[in-house]
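So the structure is just underneath, and the comments pick up after that.
Keep in mind that what you see is a predicted model, and the values were worked out from it rather than measured.
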Amino acid sequence: VIIDGNSTDRSLKIAENLAASFPWIFVKRQEQFSNSGGHTNFSLAVSEAYQYLQEVASNREIKYTFVGKLDMDQTIPPNFFEYLIDRCMEEPGLGVVSGQPYSYHDSRSDKTTTLQHKIKADKYPIDELPDKRLYLKEALDDIGGFPVTIYSPDSVVLAKLRMKGWIIRSFPDVKIINLRIETGIE
């Protein structure tokens, strides 16, 4: 399920083209928005997408074990989900997993004025994960799905999973590359 929160770039068109080519991709336009913006709108989008996923799966009798969450402004390795699913299968109790995010940083050479993009690993606290994740459906269901909150829903989900005893793990050998220099809530 790809949810569009009124993107101003080409994300919706890309998503619609993917859905036209792959019958297992569904596109939904976000219906609920908050005047407070920021994290509230993001949490509404994620919650709406998860509810829609549950509806589609129920109507089509699709059983699923994992839920992936990405933004359209990232690239991931072709085996991103397969690798993370394998890690989850090897280690029972993992509730959410991710890789190592990298972002573009601009630099200028001393010998030329050509702008170069270099990627550098983003730094996260040891007990946090980037927001590009693979969740165990059972873990999400255990905490009531994605919350609608004024706080970062990603942080709230991690806290709730920890309180329920789920393990949270990042695998640094899996690269996630942010295509925008600045990412986050706009």
Side-chain angles (χ1 to χ4, degrees), residues 1-89 94-99 101 129-149 152-158 160-161 166 168 171 174-180 183-186:
V1 170
I2 300 172
I3 190 158
D4 175 60
N6 291 335
S7 297
T8 57
D9 58 12
R10 295 181 39 240
S11 297
L12 178 59
K13 185 67 176 161
I14 293 167
E16 289 172 339
N17 288 340
L18 287 169
S21 300
F22 300 97
W24 47 269
I25 294 178
F26 300 88
V27 176
K28 181 182 188 330
R29 288 186 175 217
Q30 184 175 347
E31 296 173 18
Q32 299 176 355
F33 292 90
S34 167
N35 290 335
S36 64
H39 287 300
T40 304
N41 280 332
F42 174 63
S43 68
L44 284 166
V46 175
S47 180
E48 244 182 82
Y50 189 55
Q51 290 172 8
Y52 185 67
L53 166 64
Q54 292 171 315
E55 290 171 24
V56 168
S58 176
N59 291 341
R60 294 175 181 247
E61 298 180 0
I62 299 170
K63 296 194 185 291
Y64 61 100
T65 306
F66 297 97
V67 175
K69 183 172 116 1
L70 299 171
D71 289 332
M72 298 250 332
D73 62 351
Q74 284 125 16
T75 59
I76 56 174
N79 68 339
F80 179 79
F81 290 116
E82 179 183 18
Y83 180 88
L84 294 176
I85 287 170
D86 287 347
R87 300 297 77 75
C88 289
M89 301 304 276
L94 285 175
V96 59
V97 293
S98 188
L129 285 182
D131 62 351
K132 300 78 179 162
R133 302 174 179 169
L134 179 73
Y135 295 90
L136 184 68
K137 178 185 181 297
E138 179 185 351
L140 277 177
D141 291 345
D142 193 27
I143 63 167
F146 291 98
V148 175
T149 174
S152 165
D154 291 320
S155 296
V156 172
V157 166
L158 291 181
K160 291 174 92 174
L161 288 171
W166 291 99
I168 296 163
F171 294 92
V174 178
K175 276 189 178 179
I176 303 162
I177 300 176
N178 294 310
L179 299 177
R180 290 189 297 166
T183 62
I185 301 298
E186 281 123 14

Check against side-chain contact (heavy atoms from CB on, under 4.5 Å), Glu16 and Asp4: CA-CA 10 Å; Glu16 289 172 339; Asp4 175 60; over 6 Å; no

Pair Arg133-Leu158, side-chain contact (heavy atoms from CB on, under 4.5 Å): steps then yes or no: CA-CA 11 Å; Arg133 302 174 179 169; Leu158 291 181; 3.4 Å; yes

Worked check of side-chain contact (heavy atoms from CB on, under 4.5 Å) between Ile168 and Leu129: CA-CA 8 Å; Ile168 296 163; Leu129 285 182; 3.3 Å; yes

Trp166/Glu138 under side-chain contact (heavy atoms from CB on, under 4.5 Å): CA gap, chis, key distance, verdict: CA-CA 10 Å; Trp166 291 99; Glu138 179 185 351; 3.8 Å; yes

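With hydrogens and angles disregarded, a donor-acceptor distance shorter than 3.5 Å links the side chain of Ser43 to the backbone of Thr149. Counting only distance, with no hydrogens or angles, the side chain of Ser58 and the backbone of Gln54 share no donor-acceptor pair below 3.5 Å. Proximity of a side-chain donor or acceptor of Gln30 to a complementary backbone N or O of Asn41 within less than 3.5 Å is detected. In this structure, Ser7 contributes its side chain and Asp9 its backbone to no donor-acceptor pair below 3.5 Å.
To the nearest 0.5 Å, atom CG of residue Leu18 and atom CZ of residue Phe22 are 6.5 Å apart. Interatomic distance, CD of Gln51 versus CD of Glu31, reported as 10.0 Å (0.5 Å rounding). In this structure, the separation between CD on Glu55 and CG on Asn59 is 7.0 Å, given to the nearest 0.5 Å. Here CG of Asp86 is found 13.5 Å from CZ of Phe81. Values are rounded to the nearest 0.5 Å. Atom CG of Asn178 is separated from atom CG of Asp71 by 8.0 Å, given to the nearest 0.5 angstrom.
Leu94 has its side chain out of reach of Leu136: every pair of non-hydrogen atoms, C-beta onward, lies at least 4.5 Å apart. No side-chain heavy atom of Trp24 sits less than 4.5 Å from a side-chain heavy atom of Ile62. For the pair Leu161/Asp142, no side-chain contact is recorded, criterion being any heavy-atom separation below 4.5 Å from C-beta on. Between Phe26 and Arg60, some side-chain heavy-atom pair lies under the 4.5 Å cut-off.
The shortest non-hydrogen separation linking Ala45 to Ile3 is O-CD1, 3.3 Å. Taking every heavy atom of both residues into account, Leu134 and Leu84 meet most closely at CD2-CB, 3.6 Å. Taking each heavy atom of Pro147 and Val156 in turn, the nearest pair found is CG-CG1, 3.6 Å. For the residue pair Ser152 and His39, the shortest heavy atom distance occurs at CA-ND1, 3.5 Å. Heavy-atom minimum distance, Pro77 versus Lys175: CD-O, 3.0 Å. Residue Gln32 comes nearest to Glu48 through the heavy atom pair N-OE2, 2.8 Å, listed as atom of the first residue, atom of the second, then distance.
Taking the ring centroids of Tyr50 and Tyr135, they lie at or beyond the 6.0 Å cut-off.
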Please report, to 0.1 Å, the donor-acceptor pairs under 3.5 Å made by any side chain of residues 63-70, with sequence neighbours excluded.
residue: Lys69; atom: NZ; partner: Asp131; partner atom: O; Å: 2.7
residue: Lys69; atom: NZ; partner: Asp154; partner atom: OD1; Å: 3.2

